[in-house]
Trainee: 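Before anything else, here's the structure in question.
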Amino acid sequence: MPRSGFRIPVARRATTDAAPPPGEATSHGMDSPTRRVPSLGTMGSLTAPRPRILILGGTTEARRLAEVLGRDPGIDAVLSYAGRTESPLPVPIPWRVGGFGGIGGLIDYLRAERIDRVVDATHPFAAQMSAHAVAACAAVKIPLLALERAPWRAGEDDRWSEVDTLEEAADALGADPKRVFLGIGRLHLAAFARNPQHDYLVRLVDPLREDLPLPRVEVVVARGPFDLAGDRALLERHGTEIVVAKNAGGTAAVAKILAARELALPVVMVRRPRIPERPSVDSVAAVMEWLAHDDAPAAGAADAERGV
Ligand code: NAP
């Protein structure tokens with residue numbers, strides 16, 4: 001769990017579930033989104049075994065960590081994407097794309113790829129993946145660390161209604177038709193189909209390939225970083241009366257919340273889902289510190305578990 005919240009600052013960077021583009025292989029990358037990373041023996045030094053790190057990604061934080069690890073010849077890291085985004089940004093380490101096949105599939109992957117440690121840098125709302133990581137790392141007895149941003153906390157000028165689910169967020173909009181900005185991504189828009197009377201403005205990373213379940217909707221395709229001036233102008237142009245957001249935390253997606261504050265708009269804020277306890281840090285530097293230590297919990301047990 002996040003160790004502390006923070007007062008929302010000005011946005012600087014974007015967050016995205018960024019699977020690298022198929023065919024855009026780097027010197028470390030792969031030419032197919034479905035191929036797995038090469039084994040350690042084909043990638044690294046033959047004389048010094050390097051620790052194998054799996055990064056569960058889909059966020060700016062994961063990409064930043066990948067960039068740092070890509071410059072560290074002592075660590076052999078692979079970044080895993082769910083594959084939700086069509087137009088991702090490249091990273092300087094090997095990557096894989098797609099689900100593992102539940103906890104069992106992740107356990108198989110950790111063993112087959114001889115992973116030594118896992119860093120869960122998924123989005124705070126990717127609760128299933130995070131729970132699977134906790135279970136699989138416990139089963140294989142390898143250390144797990146979460147890299148997660150602190151949640152946003154309302155300031156004095158904010159008018160938030162906090163809810164636990166997107167369905168509750170939809171109901172919190174009320175019966176009267178309103179102009180609503182849905183800053184929640186693409187995956188869970190269906191929750192708002194139960195309130196078709198509102199005029200929705202939806203911002204998405206990729207163009208829509210399917211019809212939305214919302215009859216009155218305007219779609220804006222844009223990738224962050226979003227800034228306060230831009231988000232304020234967007235909300236004003238749309239005539240937004242209420243904003244719906246997930247409490248993602250961090251700086252990447254905060255501009256809409258700051259814009260709502262400036263415009264004195266109410267915000268329906270969806271609280272984070274519960275994730276099983278695991279060690280957690282909130283910076284890439286802290287992950288690097290953790291990786292530098294040999295005594296992370298369960299370190300060394302992996303080989304015994306693998307029978308090597
Ligand atoms: P989720 O509900 O926790 O995960 C659903 C399934 O997707 C997982 O069980 C797993 O499939 C697969 N999966 C998720 N993240 C993966 C990863 N990094 N690598 C490989 N497989 C992954 O996750 P979600 O909410 O759908 O989010 C999907 C991805 O989008 C995540 O990587 C997350 O970081 C990113 N993202 C999510 C949000 C959000 O609001 N939820 C926002 C921005 C970015 P298997 O069970 O088959 O292994």
Trainee: Return yes if some donor-acceptor pair links the side-chain N/O of W160 with the main-chain N/O of V268 below 3.5 Å, else return no.
Mentor: no
Trainee: How many angstroms lie between atom SG of C137 and atom CG of L54, to the nearest 0.5 angstrom?
Mentor: 8.0 Å
Trainee: Counting C-beta onward and ignoring hydrogens, is there a side-chain heavy-atom pair between R111 and V140 closer than 4.5 Å?
Mentor: yes
Trainee: Report the residue from V68, I93, I53 that forms a side chain to side chain contact (heavy atoms under 4.5 Å, CB included) with I75.
Mentor: I53
Trainee: Tell me whether R186 contacts the main-chain N or O of R84 through its side chain, where contact means a donor paired with an acceptor under 3.5 Å.
Mentor: yes
Trainee: Mind checking whether V244 and V202 sit in one hydrophobic cluster, side chains of I, L, V, M, F, W, Y counted as touching below 4.5 Å?
Mentor: yes
Trainee: May I ask you to say whether R232 pairs ionically with E236, meaning some side-chain N is under 4.0 Å from a carboxylate O?
Mentor: yes
Trainee: So L201 and L234, do their side chains get closer than 4.5 Å, heavy atoms only?
Mentor: yes
Trainee: With rounding to the nearest 0.5 angstrom, report the CH2 to CE distance, W152 to M269.
Mentor: 5.5 Å
Trainee: If hydrophobic clusters are built by linking Ile, Leu, Val, Met, Phe, Trp and Tyr wherever their side-chain heavy atoms come under 4.5 Å apart, do F226 and V221 end up in the same one?
Mentor: no
Trainee: Treat each ILVMFWY residue as a node, draw an edge where side-chain heavy atoms are under 4.5 Å apart, and state whether L258 and V270 are in one component.
Mentor: no
Trainee: Please round to the nearest 0.5 Å and tell me the distance separating atom CZ of F181 and atom CG of L263.
Mentor: 12.0 Å
Trainee: Check the angle between the aromatic planes of Y200 and H198 and answer parallel, tilted or perpendicular using the 30° and 60° thresholds.
Mentor: perpendicular
Trainee: Is the closest side-chain heavy-atom distance between L182 and L214 below 4.5 Å?
Mentor: yes
Trainee: How far does CD1 of I115 sit from CD1 of I55, to the nearest 0.5 angstrom?
Mentor: 10.0 Å
Trainee: Can you tell me if E61 uses its side chain to pair, donor with acceptor, with the backbone of E148 under 3.5 Å?
Mentor: no
Trainee: Which heavy-atom pair separates A191 from L166 by the least distance, and what is that distance?
Mentor: CB-CB, 3.8 Å
Trainee: For the residue pair P124 and I275, what are the closest heavy atoms and their distance?
Mentor: O-CD1, 3.8 Å
Trainee: To check you understand the geometry: which heavy-atom pair defines the closest contact between P92 and A66, and what is its length?
Mentor: CG-O, 3.8 Å
Trainee: Is it true that a side-chain atom of T122 and a backbone atom of L56 form a donor plus acceptor pair closer than 3.5 Å?
Mentor: no
Trainee: Go through V118 and R278 one step at a time and tell me if the side-chain contact (heavy atoms from CB on, under 4.5 Å) criterion holds.
Mentor: CA-CA 12 Å; V118 176; R278 68 259 162 100; over 6 Å; no
Trainee: Side chain of R179, backbone of I242: donor and acceptor closer than 3.5 Å?
Mentor: no
Trainee: Considering only heavy atoms from C-beta outward, does the side chain of D157 approach that of E262 to under 4.5 Å?
Mentor: no
Trainee: In terms of hydrophobic clusters joined by side-chain contacts under 4.5 Å, are I184 and L208 together?
Mentor: yes
Trainee: Do L79 and V287 sit in one hydrophobic cluster, given that two such residues count as connected whenever their side-chain heavy atoms are within less than 4.5 Å of each other, even indirectly?
Mentor: yes
Trainee: Answer whether the closest heavy-atom distance between the side chains of V78 and Y109 falls below 4.5 Å.
Mentor: yes
Trainee: Okay, side chain of R203, backbone of A222: is any donor-acceptor separation there less than 3.5 Å?
Mentor: no
Trainee: So how far is it from E241 CD to L265 CG, rounded to the nearest 0.5 Å?
Mentor: 8.5 Å
Trainee: Using only atom types and a distance under 3.5 Å, with no angle test, would you say the side chain of D206 pairs donor to acceptor with the backbone of T85?
Mentor: no
Trainee: Which residues satisfy the salt bridge (charged side-chain N to carboxylate O under 4.0 Å, His left out) test with R159, sequence neighbours excluded?
Mentor: none
Trainee: side-chain contact (heavy atoms from CB on, under 4.5 Å) for L69 and L291? Distances and angles first, verdict last.
Mentor: CA-CA 10 Å; L69 289 176; L291 291 175; 3.8 Å; yes
Trainee: M288 and D72: side-chain contact (heavy atoms from CB on, under 4.5 Å), yes or no, with the steps?
Mentor: CA-CA 10 Å; M288 296 307 290; D72 188 333; 3.8 Å; yes
Trainee: Any donor and acceptor pair, going by atom type alone, linking the side chain of R96 with main-chain N or O of G98 inside 3.5 Å?
Mentor: yes
Trainee: Please answer whether the main-chain N or O of R52 pairs with a side-chain N or O of D116 as donor and acceptor at a distance below 3.5 Å.
Mentor: yes
Trainee: Report yes if some heavy atom in the side chain of D158 is under 4.5 Å from a heavy atom in the side chain of V267; otherwise report no.
Mentor: no
Trainee: Looking only at heavy atoms, which two atoms of Y81 and G58 are closest? And how far apart?
Mentor: CD2-N, 4.2 Å
Trainee: Hey, could you give me each pair passing salt bridge (Lys or Arg N to Asp or Glu O under 4.0 Å) that has a residue in residues 166-175? Not counting sequence neighbours.
Mentor: D171-R194
Trainee: Between D231 and K256, does any NZ, NE, NH1 or NH2 come within less than 4.0 Å of an OD or OE carboxylate oxygen?
Mentor: no
Trainee: Closer than 3.5 angstrom, by distance alone: can the side chain of R63 be matched with the main-chain N or O of V91 as a donor-acceptor pair?
Mentor: no
Trainee: So how far is it from K178 NZ to Q197 CD, rounded to the nearest 0.5 Å?
Mentor: 8.0 Å
Trainee: Do W290 and P143 have side chains that get closer than 4.5 Å, going by heavy atoms?
Mentor: yes
Trainee: Can you confirm whether R149 sits close enough to H123 that some side-chain heavy atom of one is under 4.5 Å from a side-chain heavy atom of the other?
Mentor: yes
Trainee: Which heavy-atom pair separates I257 from A245 by the least distance, and what is that distance?
Mentor: CD1-CB, 3.7 Å
Trainee: What heavy-atom pair brings T240 and V180 nearest, and what distance separates the two atoms?
Mentor: CG2-C, 4.5 Å
